[in-house]
Structure formats: structure tokens, C-alpha cells
Amino acid sequence: MNTPATRISQPPESRPTAATIKRRVLIVEDIKFNRELVEQILTHDFHVDMAWDGLMAVEKTDTFRPELILMDISLPRMDGLEATRRIRAKHGNSLRIVALSAHAYPHDFRLAKEAGVDDYLTKPFLPKDLLSMVKRHLSK
Amino acid sequence: MGPGRQFEGIVSVKDLILHQSREISEQLEVIQKKDQLISDVMNRNQELALASRMKTEFLTNMSHELRTPLVSIIGFTDLVRSQSEGMLPGIHLANLDRVLSSSRDLLDLINNLLDLSKVEAGRMNIEVEPVRLNELVGELTERLSVLAADRDLELRSAVPENLELMTDRVKLRQVLLNLMSNAVKFTEKGSISVEVDEDGPYVAIDVIDTGIGIRKEDLSRLLQRFEQLDTGRTKRFQGSGLGLAISRELAQLLGGDITVDSEFGQGSRFRVTVLKQLDPAAMQRPHGLSTN
């Protein structure tokens, strides 16, 4: 049962010290289940927010100010490639963008690179692969 | 009735001219017919090219559409599986493993479809890197061991430790995975063994099983593309046809081929041969020749 001592000691992630503040990751994904999946994978280690399409993703770069964006490519209103170009035009290389897409041609990787993504993960992925990729990029 | 008969009597200049102009008009007709044929063939070619492009686009789109739901199937199952270790009874964990294993099979199948469209579109890139064959075979044996243990199959491999190839790892892996998982699928009891035989610039990798084997009349068709989709045979070659045909194309991209040797009821030996030192620039790529 809870003793006062254990109640006082908070889990490390909720302590607002500089070293333990969670990094901000924006998930851009139009499919509900996939959005929830990525959220569940990342929510323990990161502060996550969601965008449903490319336009919303561009807006969130000003409000949520993510340090890393997981960008789906096929999206309503504005696709991930155009959103990436706009975000790069606006913020330069101040944040990292990882494309998460079910498009798996080398051609698709090239288009994404040209639009300005830093990395590319093909769907479907294993949760641990996504987690380690995000961690790797945010440790740079 | 030829026009010659009418000119057996006196040949007048007028008749001659008439005859010649008739010949000319007949020749013109022949030429027109030829032109018509040529343009028919050209139109047909254009239609075929369009149909082929549409098929490629269709496969690409289907692949994307099919992968999307698999994202949450594989992702959530893996999450539940990894978070319920020690919390769920063993049988539930094993069942989750089965869901994962089947979803990976489905993903392999979808990737095969995508590969097929890539090969056909000539968009398959080759990336050569050093590949230690024993590590690759070891990794695949590991992956298939759960499936093999389910059936009490022995998985053996004899690969020289220092054999290093310069080839496309992803493609070679795919070919071997396909051959090895087929062997496991079609073998009820006995063993699967992987053996390696070096032959000059080539290396032959044999996947030998003690499974159901293949009938003689089916052997030659086995490596043909889409044979699997031929109704009526589906049961006998369950899940192998598409993967095999693609594996063969991949083996050809790696400078080799796949051959089969089988005794119905006794087992099969699938042999994949690839170049030890692949130099894609030096190869006449089989792109585009594959649509026979």
C-alpha cells in the first residue's frame, strides 16, 4: 500500500527538471488506429501531439513546436511531402522529420529525401524499431 | 481468275495501260493493307504498354492499401505481446506469436507483389555489399525455428564460416527466406537442411526438405509467375507460387537462377545459384524480358 514516502517520490518523467523534460514529437497520421499505435509506442518517453493532415502539421510547428515530426506521406488536404517542404521553408533544419510511410519504392524514398525528410521508416514497422529510430534522431 | 487470261489475244496499248494501272492499284491496296496492319500492331502495342503500366500501378496501389491495416495489426499485436510477458498464460502468448507470425507472412506476400511490380517496371535497384553467408543463413534458421519446432522438424545448415559474398543482401535474404519457409511449410516430418557448394565464380545454396515433393508434370510450371493463382492448383502449392516466381527473378538479378529437383512423396531440393562477386554494371539486366 501507499506510504507517504512513496507518494512524495514522483516518477522521474513528471519532475520538471531540465534533464528530464520530455522531448516533443508530433505524429502526423490520418488513420486513427495508426495514430493511436504510434502514440502508445512513444507516450512513455516523449511528449506527443497529433496532426491529422499536412496542413495541420504545418500549423502545429508554431503552436506545439515539435523537435521531431513523424510524417505520414499520403494525407488528406496536404500530403506529407508538401508539408515537409513548407516546414523546411519555415523552420529550416531546426527540427527533425522522419517519414513513416507504406509507400516502399526507392522512388518514394528519393522523393521524401528531396522534400527534406531526415529519415524514412516503412510501414508496417515493429514498435521497437520506431522507438529506437526516434530516440536516435533526438539524441543527435 | 488472273488478269493474264484477257491478254492472250492482241495486246493493245490501251489494254496494257489498263492492266498496269490495275496492277498498280492492287499494289497500292497491298501497301494500304500493310500500313493498316502496321498501325494496328502499333495501336495494339500501345494498348499493351498501357495495360502493363496499369497493372504495375494497380499492384503498387494495392500494396500500399494492404500494408496500411497491417500497420496496426502487427504494431498492436507486438505491443500487447511484449507488454504481457509474465502477465498472460503461456497459451495466450503463444497465440499472439502465431498472430504475429501470420501477419509477417502476409506482409511477405504483399512485399512479393510489390517486388513483382518493381521487376516488371524495371525499377529494381541492386545494392551490393559484403554478405557473410553463414550469418545470413543463421538468422533465417533462427526466424524459422519456431515454425519448425511446431512440427517437430529438424533445421540444419552447413555453411562455410568464412564465405563472404559481394551481393545484394536484401534480395538474397528474400530468396532464401522464401525457399526455407516453403520447405518448412511443405514438410510434415523429417528435416530441412541448407547446404552450400562453391562452383567457380558461383555459389550454389541448396535447400533440401523431406516434404511432400512435387509431381513431374508440375515441376516446370512451378517457377512460372502466377501459376499459384491458377485455380485448382491452389491447394497443392499453397502459398508458394508467387514467392517462388519472384525469388527466381531475384536470383537472376543476382547473376544466377533457381532450379528444382524433386521426387514426389520424397522431398525437394531447391538450388539457388548466385554470383559470389556481383557487379551489376557488368550485367545485361534481364529487365523487361520477364514478361514472356
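In what follows, chains are A, B, ... by sequence order, proteins preceding strands, each numbered from 1. Just so it is clear, the structure is predicted and the values come from calculations on it, not from any experiment.
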Problem set entry | Side chain, backbone, both or neither of B:R104 within contact of chain A (heavy atoms, under 4.5 Å) |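 B:R104 touches chain A through side-chain heavy atoms alone.
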
Problem set entry | Selection from B:L107, B:L79, B:T77, B:L100 maximising heavy-atom pairs under 4.5 Å formed with chain A | B:L79

Exercise. Among B:P69, B:S82, B:G75, which has the most heavy-atom pairs under 4.5 Å with chain A?
Worked result: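 It is B:G75.
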
Exercise. Hey, are A:R35 and A:E39 close enough for a salt bridge, meaning a charged N less than 4.0 Å from a carboxylate O?
Worked result: no

Problem set entry | Heavy-atom proximity to chain B below 4.5 Å, by part of A:I31 | side chain

For this session: Can you sort out the partners of B:H92 under ring-ring contact (aromatic ring centres under 6.0 Å, His included), two or more places apart, ordered by chain and number?
Result: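 ring-ring contact (aromatic ring centres under 6.0 Å, His included) list for B:H92, sorted by chain: empty.
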
Exercise. For B:S247 and B:N178, does a side-chain donor sit closer than 3.5 Å to a side-chain acceptor?
Worked result: yes

Problem set entry | Steps toward side chain to side chain donor-acceptor pair (under 3.5 Å) verdict (A:R24, A:H47) | CA-CA 5 Å; A:R24 291 182 305 278; A:H47 180 26; over 6 Å; no

